[in-house]
Amino acid sequence: MRKKIIAGNWKMHGNRAEVRTLITELKQGVTAFPKIEMIVFPSFVFLAEVQALLQNSAIFLGAQNIYPAKSGAFTGEISTEMLVETGCKYVLVGHSERRSILREPLDFIAKKFKAVLQAGMCPVLCVGETQEEREKNMTEKVIDHQLQTVMDFCGLDAFREVIIAYEPVWAIGTGLTATPEQAQQVHQFIRTLFAKQDVELAQNLSLLYGGSVKADNAASLFAMPDVDGALVGGASLIAKDFLAIAKAAEQVSSVLC
Ligand code: 13P
């Protein structure tokens with residue numbers, strides 16, 4: 001189901017005390033925004049603690065990664081079953097930091113996507129072009145290829161209950177944000193890609209934008225018809241900022257209702 005979603009990717013940030021404070025503040029603040037869905041993606045080591053803190057709150061828990069096998073000799077990796085047991089509902093798949101720093105190939109990302117679905121969780125599939133690819137006018141081609149690889153492996157039906165995040169690599173952690181028009185153009189491209197095969201599926205797809213989303217640019221991004229929320233990095237570590245982004249999404253939802 002298409003909904004307004006504000007997700008916080010905490011990456012490799014935070015210590016126990018900071019995590020406790022952040023969750024306590026978010027839990028209180030989010031009650032003012034009943035129309036949006038909030039998700040947090042803490043580091044693995046804090047998942048159980050965050051899950052306990054999130055009891056009786058409307059905030060959902062997600063993990064930043066998985067290994068696509070049920071169990072086995074995979075030193076240092078985390079299975080979907082472990083994440084389900086820890087209370088995770090969402091898993092990030094294909095984040096550009098994992099694609100570039102850890103050299104995750106697209107076929108491996110497709111396997112992760114499938115494993116997350118098979119475990120009954122929701123993958124948040126990240127796609128996006130580099131600066132160089134944008135300058136060469138390759139944005140749509142790159143995103144088409146990223147999505148197509150997953151679709152070929154998992155099938156179109158696999159996309160019925162998932163989230164896709166458009167995260168232009170050049171906008172991540174750089175302070176550069178795609179303009180609302182640039183974001184809309186790519187989101188519309190993604191929705192149209194799916195609509196060619198299944199209009200209903202495309203209409204129900206939640207498409208998030210990620211890349212230097214802040215309190216002061218969120219409202220203009222959320223005003224775009226195909227931007228259904230945000231996957232936020234840096235600004236999700238500060239409760240006041242993340243809640244301001246949530247407020248912007250709530251206000252757009254109120255106008256739409
Ligand atoms: P920033 O919001 O820090 O640019 O990070 C975006 C991101 O990578 C979210 O997954």
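In each ligand, atom 1 is the first atom listed, and ligand 1 is the first ligand listed. Since the model is a prediction, treat every value here as computed from it, not as a measurement. Count residues from 1 along the sequence.
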> Judging by distance only, is a nitrogen or oxygen of Lys11 under 3.5 angstrom from one on ligand 1?
Replying inline: yes
> Which one holds for Asn9 and ligand 1: side chain close, backbone close, both close, or neither close, with close meaning a heavy atom under 4.0 Å?
Replying inline: side chain
> Distance-only, no hydrogens or angles: does the Asp228 side chain make a donor-acceptor pair with backbone N or O of Leu207 under 3.5 Å?
Replying inline: yes
>> Give the atom numbers and elements of ligand 1 that come within less than 4.0 Å of a heavy atom of Ala171.
In response: 4 (O)
> Got a sec: does the CZ of Arg20 have more than 12 other heavy atoms crowding it under 6.0 Å?
Replying inline: no
> Between the side chain of Glu129 and the main-chain N/O of Arg134, is any donor-acceptor distance below 3.5 Å?
Replying inline: no
> Considering only heavy atoms of His95, which atoms of ligand 1 have at least one such atom less than 4.0 Å away?
Replying inline: 7 (C), 8 (O), 9 (C), 10 (O)
> Between Phe108 and Phe113, is the ring centre distance below 6.0 Å?
Replying inline: no
>> Residue-level breakdown please: for Ser236 versus ligand 1, do any non-hydrogen atoms fall below 4.0 Å on the side chain, on the backbone, on both, or on neither?
In response: neither
> If you count the atoms of ligand 1 from 1 in the order shown, which ones are under 4.0 Å from a heavy atom of Ser212?
Replying inline: 1 (P), 2 (O), 4 (O)
>> So does Leu205 get a backbone contact from the side chain of Arg191, meaning a donor-acceptor N/O pair under 3.5 Å?
In response: yes
> What's the verdict on side chain to side chain donor-acceptor pair (under 3.5 Å) for Glu37 and Tyr90, showing C-alpha distance, side-chain angles and the deciding distance?
Replying inline: CA-CA 12 Å; Glu37 184 163 311; Tyr90 295 91; 2.2 Å; yes
>> Checking a contact table here: which protein heavy atom is nearest atom 3 (O) of ligand 1, and how many Å away?
In response: Gly234 N, 2.9 Å
> Should you measure from each heavy atom of Leu231, which atoms of ligand 1 turn up under 4.0 Å away?
Replying inline: 9 (C), 10 (O)
>> For atom 4 (O) of ligand 1, tell me which residue out of Gly8, Gly173, Ala230, Gly233 has the closest non-hydrogen atom.
In response: Gly173
> Where is the nearest protein heavy atom to atom 9 (C) of ligand 1: which residue, which atom, and how far?
Replying inline: Glu167 OE2, 2.8 Å
> Hey, does Lys214 come in under 3.5 Å of ligand 1, counting only N/O atoms on both sides?
Replying inline: no
> Side chain of Asn217, backbone of Lys214: donor and acceptor closer than 3.5 Å?
Replying inline: yes
> Is any side-chain heavy atom of Asp198 less than 4.5 Å from a side-chain heavy atom of Arg160?
Replying inline: yes
> Atoms of ligand 1 less than 4.0 Å from Gly211 heavy atoms?
Replying inline: 4 (O), 6 (C)
